[in-house]
There are 2 protein chains.
Amino acid sequence: MSVNGDRNRVATIFDVARLAGVSHQTVSRVLNDLPNVRPATRERVEEAIKQLRYVPSQAARALVTRRSRTIGLVATGLPDYGPSSIVLNFNESARDAGYAVIATNPADAERATLRSATEMLIRQNVEAIVLLAAERAALDAFDGWELGVPLVAIASETRGRGIRVALDQRQGARTAVSHLLELGHREIVHIAGPHGSMDAEERLSGWRDRLAEAGIAGEEPMRGDWSPESAYRIGTELVASGRAPRAVFAGNDQMALGLLHALADAGLRVPGDVSVVGFDDIPEAAHFSPPLTTVRQDFVGLGRDAMAAVLTQLQDEESTAPPPTRVPRLVVRASTRSV
Amino acid sequence: MSVNGDRNRVATIFDVARLAGVSHQTVSRVLNDLPNVRPATRERVEEAIKQLRYVPSQAARALVTRRSRTIGLVATGLPDYGPSSIVLNFNESARDAGYAVIATNPADAERATLRSATEMLIRQNVEAIVLLAAERAALDAFDGWELGVPLVAIASETRGRGIRVALDQRQGARTAVSHLLELGHREIVHIAGPHGSMDAEERLSGWRDRLAEAGIAGEEPMRGDWSPESAYRIGTELVASGRAPRAVFAGNDQMALGLLHALADAGLRVPGDVSVVGFDDIPEAAHFSPPLTTVRQDFVGLGRDAMAAVLTQLQDEESTAPPPTRVPRLVVRASTRSV
DNA sequence: GTGTTTAGAACGTGACGACTA
DNA sequence: TTAGTCGTCACGTTCTAAACA
């Protein structure tokens with residue numbers, strides 16, 4: 001009959017001090033690797049710590065130092081591969097820097113939802129907030145809001161509050177379009193991500209700008225929602241209405257997949273009849289039918305950059321030069337061919 | 001010249017008390033929704049809180065209550081779709097229950113790595129540990145270790161410590177094999193996940209058991225590592241050595257994709273020449289070429305179950321009956337056909 | 001008495017100045 | 001002097017018991 005009441009009392013710094021025959025302050029010095037502790041004393045203390053299985057109380061520590069060693073992460077766009085990878089890599093970087101990460105995943109990008117999610121983090125005394133923002137609305141929710149802690153935003157638009165960390169979506173898109181242009185394509189359809197997505201807008205701009213530079217103008221993009229289904233539908237409609245394209249730049253790999261599906265249904269061959277370029281280089285892309293030419297993003301680097309930005313804000317480290325914006329690079333596979 | 005020194009002092013419970021003309025204890029009562037506060041007083045206090053933008057210090061609260069309102073999550077297997085979805089849904093459930101989640105992603109399943117990752121969580125005073133364990137080694141790392149807090153393990157094996165939450169991998173695999181048997185297949189090859197993966201072993205057992213029941217015995221599985229590449233390689237070798245199968249049960253959708261790729265390369269048609277069944281139902285599966293017949297898992301429910309198990313352990317709620325193990329269900333698409 | 005409010009004591013650390021050899 | 005050590009205080013909350021309408 002193990003009752004919850006017999007809460008095993010946990011050792012405090014005083015227990016350790018008593019066992020080691022020193023004051024609690026000396027134990028504190030040992031814990032924090034401060035100088036002026038005789039090696040023999042240090043050893044006695046460490047032995048006592050081990051023996052009592054003493055673990056410092058982070059709560060007490062946070063109370064007096066006003067530092068929680070904790071960072072809040074507000075992440076939207078999960079569980080897609082890109083956002084998931086960024087979160088994963090950010091977590092690793094944070095751990096390496098000695099910080100714990102409290103993550104929250106707002107159900108939508110509504111202002112109220114984001115604010116209450118963030119307020120929960122603030123209540124947990126996080127030292128900084130990192131916002132992984134898929135939609136512009138997520139960024140806007142922080143406008144004119146004094147958080148009391150630094151804000152680092154992972155977002156591909158420069159508007160709005162907070163230190164910005166990003167991958168160069170626009171340049172990535174230009175690279176994709178350039179590839180198709182070099183293959184001799186002139187009509188390059190774009191299946192863009194949804195309105196409100198900053199990545200979608202940046203990629204769209206890159207596509208439009210690069211086309212304009214090549215003297216090709218005025219094309220309107222199609223709009224998907226990142227899902228394979230949306231692009232499947234768009235592809236099916238294009239074919240049905242006799243507007244089957246010769247070259248497509250899809251806003252992400254999932255939509256490229258949906259498009260490939262629609263084209264295959266219509267009996268069109270890729271890359272024989274249609275060239276397709278994706279974006280992200282998800283692990284599946286190399287095994288699409290055909291293997292997808294796409295643009296690879298450095299999510300590992302992005303996660304690191306975000307943590308570096310946090311540390312700079314917290315002045316834990318001498319503020320290193322801001323990292324150069326990482327430019328995605330083209331991965332050519334079998335879904336594109338010259339006309 | 002904004003120096004770090006001008007740290008904006010944050011309002012405390014005493015500031016609120018002074019402004020409202022009451023004692024700090026009355027403010028505390030208001031904060032915690034305790035009775036015996038006159039409505040007029042409560043209102044004055046709430047007004048003062050709003051005016052000062054007062055936020056209670058979680059650190060101070062945690063120190064005295066010994067409750068951090070925080071749960072530690074040790075997650076392996078990211079950033080794959082399954083684990084990512086589970087993490088996402090667990091986070092949401094935790095937030096709904098008023099808990100923050102500190103997540104950590106060990107780089108590998110080594111005992112030392114897992115322990116140090118977990119110890120970081122313990123130092124943060126988490127009230128419970130949730131272990132999302134892909135490999136058996138992750139579970140083993142916790143054997144014989146008194147954490148001091150409840151442990152809930154999301155893992156498909158019943159061995160080892162901690163409350164267990166899982167999806168019925170074995171039954172899911174049986175369903176997949178049954179489907180192929182009903183289509184008249186007798187030789188059903190299995191491309192299993194890696195040694196050490198509990199999901200892989202469970203699915204493998206389900207496949208073997210179901211075959212045995214059908215009077216088909218002794219088949220040895222192929223071994224992939226969950227990645228499309230591994231299955232592509234396996235598929236290519238099978239075909240090259242003249243052992244092209246007529247029916248394959250792939251351990252997950254990604255490996256099914258790699259196999260489809262290898263079969264397509266070899267000029268074999270799916271489902272005409274080969275029937276393929278996957279596992280997971282990732283968002284891409286419906287748009288593979290051909291759309292993949294697979295087994296769908298309820299990751300949303302699993303995340304909820306995990307949080308429910310935590311709450312039961314913490315006795316926040318009257319312990320409800322443990323949820324029935326969730327059985328995955330078959331989703332039939334176009335990659336399977338009768339012989 | 002009864003409902004409301006208050007003052008003081010924890011909680012377990014780190015910072016600081018004082019003390020000792 | 002100086003390296004090593006110690007005692008007191010503060011951090012911001014909740015809990016307990018006593019005082020007040």
Side-chain angles (χ1 to χ4, degrees), chain A residues 5 7-46 48-49 52-70 98 122-127 148, chain B residues 4-5 7-46 48-49 52-70 122-127 148:
Chain A
R7 170 181 279 294
N8 42 354
R9 203 174 98 57
V10 170
T12 77
I13 199 172
F14 288 97
D15 300 323
V16 175
R18 192 176 320 117
L19 182 58
V22 296
S23 79
H24 83 281
Q25 179 51 25
T26 300
V27 177
S28 178
R29 300 187 74 78
V30 171
L31 289 174
N32 296 293
D33 269 325
L34 295 180
N36 296 346
V37 179
R38 207 174 332 188
T41 310
R42 185 182 296 273
E43 208 163 317
R44 278 213 319 283
V45 171
E46 277 165 353
I49 288 174
L52 295 176
R53 292 206 188 153
Y54 165 71
V55 176
S57 158
Q58 176 60 27
R61 211 172 237 181
L63 182 59
V64 61
T65 61
R66 296 149 173 277
R67 304 209 48 182
S68 61
R69 304 299 288 182
T70 281
I122 298 285
R123 271 195 302 275
Q124 292 284 344
N125 293 319
V126 296
E127 293 184 31
Chain B
N4 199 14
R7 169 182 279 293
N8 43 355
R9 204 172 99 55
V10 171
T12 76
I13 199 171
F14 287 96
D15 300 322
V16 174
R18 194 176 318 116
L19 181 58
V22 296
S23 78
H24 77 282
Q25 178 51 23
T26 300
V27 178
S28 178
R29 300 185 75 79
V30 171
L31 288 174
N32 296 293
D33 271 324
L34 296 179
N36 296 345
V37 179
R38 210 175 331 188
T41 310
R42 185 182 296 272
E43 210 163 314
R44 279 214 317 285
V45 170
E46 277 164 352
I49 288 174
L52 295 176
R53 291 203 189 156
Y54 165 72
V55 176
S57 156
Q58 176 60 28
R61 207 171 242 182
L63 181 59
V64 60
T65 61
R66 295 151 174 279
R67 304 211 47 183
S68 61
R69 303 299 287 181
T70 283
I122 298 283
R123 271 195 301 275
Q124 292 284 343
N125 292 318
V126 296
E127 294 183 29

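Lettering follows sequence order; numbering is per chain, from 1. Values below: all heavy atoms of this structure, side chains included; hydrogens, waters and symmetry mates excluded.
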Answer yes or no: is there a donor N or O on one side and an acceptor on the other, between the side chain of Arg44(B) and the main chain of Ala20(B), under 3.5 Å?
yes

Can any side-chain N or O of Glu127(B) pair as donor or acceptor with the backbone N or O of Ser68(B) at less than 3.5 Å?
yes

What nucleotide, of dT13(C), dT4(C), dT14(D), holds the atom closest to the side chain of Thr12(A)?
dT13(C)

Is there a Watson-Crick or G-U wobble partner for dG3(C) with both distances under 3.5 Å, and which nucleotide is it?
dC20(D)

Walk me through whether Arg61(B) and Asn125(A) qualify under side-chain contact (heavy atoms from CB on, under 4.5 Å).
CA-CA 11 Å; Arg61(B) 207 171 242 182; Asn125(A) 293 319; over 6 Å; no

What is the nucleic acid contact for Pro56(A), judged by heavy atoms within less than 4.0 Å: base, sugar-phosphate only, or nothing?
sugar-phosphate

Euclidean distance, atom CD1 of residue Ile49(B) to atom C1' of dG12(D) [Å, nearest integer]:
14 Å

Between dT13(C) atom P and Arg69(A) atom CZ, what is the distance in whole Å?
17 Å

Step by step, work out the side-chain contact (heavy atoms from CB on, under 4.5 Å) result for Arg29(B) and Val22(B).
CA-CA 11 Å; Arg29(B) 300 185 75 79; Val22(B) 296; over 6 Å; no

Please determine, for the side chain of Ile13(A), which listed nucleotide (dC11(D), dG14(C), dT5(D)) has the closest atom?
dG14(C)

On DNA chain C, nearest-nucleotide positions of Ser28(A) versus Thr41(B): which is more 5'?
Thr41(B)

Closest non-hydrogen atom pair between Val16(B) and Val45(B), with its separation:
CG1-O, 4.1 Å

If only atom types and distance count, is the side chain of Thr41(B) paired as donor or acceptor with the main-chain N or O of Val37(B) below 3.5 Å?
no

How many whole angstroms separate atom CZ of Arg38(B) from atom C1' of dG3(C)?
9 Å

Could you state the atom-to-atom distance from CZ of Arg67(A) to C1' of dG12(D) in whole Å?
19 Å

Take atom CG of Asn36(A) and atom C1' of dA15(C), then tell me their distance rounded to the nearest Å.
15 Å

List every contact pair, protein side and nucleotides 8-10 of chain C side both N or O, where the distance is under 3.5 Å.
from	atom 1	to	atom 2	distance (Å)
dG8(C)	O6	His24(B)	NE2	3.1

Whole Å only: how far is the CD atom of Gln58(A) from the P atom of dT13(C)?
11 Å

Given dG12(C), dC6(D), dG14(C), the nucleotide with the shortest approach to the side chain of Thr26(A):
dC6(D)

Taking the side chain as C-beta and beyond, is there a heavy-atom pair between Tyr54(B) and Leu19(B) under 4.5 Å?
no

Identify which nucleotide among dT14(D), dT6(C), dG14(C) has an atom closest to any side-chain atom of Leu31(B), counting heavy atoms from C-beta outward.
dT14(D)

What integer distance in Å separates Leu34(A):CG from dC6(D):P?
15 Å

Just N and O in the side chain of Arg42(A): are any of them under 4.0 Å from OP1 or OP2 of dG4(D)?
no

Of the non-hydrogen atoms in Arg69(A) and Gln124(B), which two are nearest, and what is the gap between them?
O-NE2, 3.6 Å

So does Arg66(A) get a side-chain nitrogen or oxygen closer than 4.0 Å to the phosphate oxygens (OP1/OP2) of dG12(D)?
yes

Between dG4(D) (C1') and Glu43(A) (CD): distance, integer Å:
17 Å

In terms of the nearest nucleotide of DNA chain D, which residue is placed more toward the 5' end: Arg29(B) or Val22(A)?
Val22(A)

First of Phe14(A) and Arg61(B) reached from the 5' end of DNA chain D, by closest nucleotide
Phe14(A)

Side-chain atoms of Ser23(A) come closest, of dG7(D), dG12(D), dG14(C), to dG7(D)

